[in-house]
Number of protein chains: 2
Amino acid sequence: MRSTHERAGRVRSKRLPREVRERQILDAAVEVFSQRGYHAASMDEISEVADISKPMVYAYLGSKEDLFAACIRREATKLMEAIADGVAEAGNSPDEQLWRGLRAFFGFVGEFRDSWRVLHRQASAQGGPFAQELGDMRKRAISLVAALLINTAQDEGVGAAATGQTDALAAALVGASESLADWWLDHPEESAGAVAARLMNLVWMGFGNLVDGHTWQPPKGS
Amino acid sequence: MRSTHERAGRVRSKRLPREVRERQILDAAVEVFSQRGYHAASMDEISEVADISKPMVYAYLGSKEDLFAACIRREATKLMEAIADGVAEAGNSPDEQLWRGLRAFFGFVGEFRDSWRVLHRQASAQGGPFAQELGDMRKRAISLVAALLINTAQDEGVGAAATGQTDALAAALVGASESLADWWLDHPEESAGAVAARLMNLVWMGFGNLVDGHTWQPPKGS
DNA sequence: CCAAGTACCTACTGGCGAGTAAGACTACTG
DNA sequence: CAGTAGTCTTACTCGCCAGTAGGTACTTGG
């Protein structure tokens with residue numbers, strides 16, 4: 001006879017420290033939220049995927065809302081760090097910064113599809129207090145891009161044409177990236193770099209120039 | 001004594017033909033879905049907003065899923081027609097076609113905010129059979145844009161630079177529009193035309209050119 | 001070896017919401 | 001006026017799911 005708590009299937013690993021369980025739970029939650037959406041995801045399924053019982057989920061991460069917010073926070077932080085690292089690797093040239101940022105973003109999406117889905121598709125659809133959580137992160141992303149664009153404009157000593165529009169342009173750029181990332185999920189035959197390059201071309205050169213055969217080329221070091 | 005079915009509050013209008021009721025129900029559904037999201041929206045609330053009892057909703061529009069799909073279909077059709085009309089008003093010049101299409105799109109979003117929300121935020125988040133319904137419409141939009149871009153490319157006799165990328169570029173462009181539309185909902189001080197012009201500039205000229213002060217100008221007739 | 005704390009469980013409750021049963025009212029048609 | 005077709009209602013059922021009560025095992029420090 002086996003111990004009371006073991007199940008018919010695989011043996012549940014036992015007595016792990018809180019820290020580890022919390023990570024497991026968050027991983028499971030990201031996976032389930034990303035596949036089902038917030039409302040359709042059930043705490044029962046999350047606990048099952050996390051290979052732990054439901055009360056533990058509540059004990060460690062709190063209510064369903066709390067759990068979702070925690071997912072958003074963790075994944076969004078990961079994403080923002082990836083992008084910031086990418087930009088930091090670039091020199092001062094604005095187009096290279098933009099390029100590295102885009103590459104980092106698409107790299108992240110390719111590597112952590114669930115993270116991306118939960119961030120983009122799920123969070124924005126909910127009206128609750130996470131929309132706020134996620135909205136904040138999104139605003140930080142837009143601000144980062146806006147700052148980058150403003151930098152560019154000042155570097156080149158530009159005037160009225162671009163400044164004052166940067167927020168809107170940053171929003172458009174972020175949206176284009178998001179949308180292209182979704183498109184990419186359905187067309188995985190391309191590499192992250194190739195997708196990033198397409199967007200870079202569109203955004204930097206403009207469609208009018210692309211049509212004339214003038215394209216943007218990445219600098220030597222990647 | 002009043003008739004059995006009247007309520008304490010305002011008198012419920014009575015015995016309207018099916019056609020009218022269906023429109024009321026769809027209107028209510030779009031409103032509620034747009035505010036709450038698919039799962040959080042309840043059929044009870046929808047029937048209440050539509051000022052009719054729940055079984056009528058089921059009798060006329062079927063299940064919750066059916067109802068949602070019907071909303072998507074109706075609103076998406078409205079949107080696609082608006083854009084197609086806009087493009088059709090333009091001449092043969094590709095930039096003007098793009099410009100008119102963008103203007104029509106942002107005009108629609110400004111006029112029918114709920115429609116836009118239900119289309120963009122809600123539908124894409126659900127994994128059900130509506131994602132399909134909506135996905136189809138979105139694909140049609142992307143195809144329309146892609147066709148327009150291909151036209152442009154051929155008009156100008158271009159080769160490898162742009163063709164073969166058109167699908168991805170169209171996806172990016174559609175995404176940029178969507179995202180900018182969301183941004184606009186939070187910055188309503190701008191006119192639809194101004195927002196459309198910003199995006200047109202970014203997409204047509206490219207950020208590199210904007211920075212140098214080279215902007216795109218709308219043709220005389222709007 | 002005992003106590004105390006922490007990890008962990010099974011088994012429930014309570015409410016909400018999709019969908020329906022069963023019929024009542026109204027209007028038209030002959 | 002009788003019959004029929006279409007509109008419309010109240011008042012349920014029933015399943016699902018967030019959240020909890022109340023306890024069991026392991027483990028660590030004395």
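A quick note: this is a predicted structure, and the numbers were derived from the prediction, not measured.
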Whole-Å gap separating P (D/dT7) and CD (B/Q24)
13 Å
B/Y38 and B/F33 aromatic ring geometry - parallel, tilted or perpendicular at 30°/60° bounds
parallel
Check this for me, if you would: do A/D27 and A/R74 make a salt bridge, where the nitrogen-to-carboxylate-oxygen distance has to be below 4.0 angstrom?
yes
Hey, does the side chain of B/R18 come within less than 4.0 Å of D/dC8's phosphate (OP1/OP2), counting only N and O?
no
Can you check whether B/Y60 has a side-chain N or O nearer than 4.0 Å to OP1 or OP2 of D/dG6?
no
Compare the minimum distances between each of D/dC8, C/dC8, C/dA21 and the side chain of B/P55, then state the nucleotide with the smallest one.
C/dA21
Do A/L79 and A/F105 have side chains that get closer than 4.5 Å, going by heavy atoms?
yes
A/E22 CD to C/dC8 C1', in whole Å, measures 15 Å
If you restrict it to nitrogen or oxygen atoms, what contacts under 3.5 Å exist between nucleotides 14-19 of chain D and the protein, and what is each distance?
unit_1: D/dA18; atom_1: OP1; unit_2: A/A41; atom_2: O; d: 3.1
unit_1: D/dA18; atom_1: OP1; unit_2: A/K64; atom_2: NZ; d: 2.9
unit_1: D/dA18; atom_1: OP2; unit_2: A/M43; atom_2: N; d: 2.7
unit_1: D/dA18; atom_1: N7; unit_2: A/K54; atom_2: NZ; d: 3.4
unit_1: D/dG19; atom_1: OP2; unit_2: A/Y58; atom_2: OH; d: 3.3
unit_1: D/dG19; atom_1: OP2; unit_2: A/K64; atom_2: N; d: 2.9
unit_1: D/dG19; atom_1: N7; unit_2: A/K54; atom_2: NZ; d: 2.9
unit_1: D/dG19; atom_1: O6; unit_2: A/K54; atom_2: NZ; d: 2.7

Residues in side-chain contact (heavy atoms from CB on, under 4.5 Å) contact with A/S34, at least two apart in sequence or another chain
A/D114, A/R117, A/V118
For D/dC8, does the base pair up with any side-chain atom of B/R15 as donor and acceptor (N or O, under 3.5 Å, distance only)?
no
Between P on C/dT6 and CD1 on A/I52, what's the gap in Å once rounded to a whole number?
16 Å
May I ask you to decide if the ring planes of B/F108 and B/F112 are parallel, tilted or perpendicular, using 30° and 60° as cut-offs?
tilted
Does the distance from a Lys or Arg side-chain N to an Asp or Glu carboxylate O, for B/R23 and B/E19, drop under 4.0 Å?
no
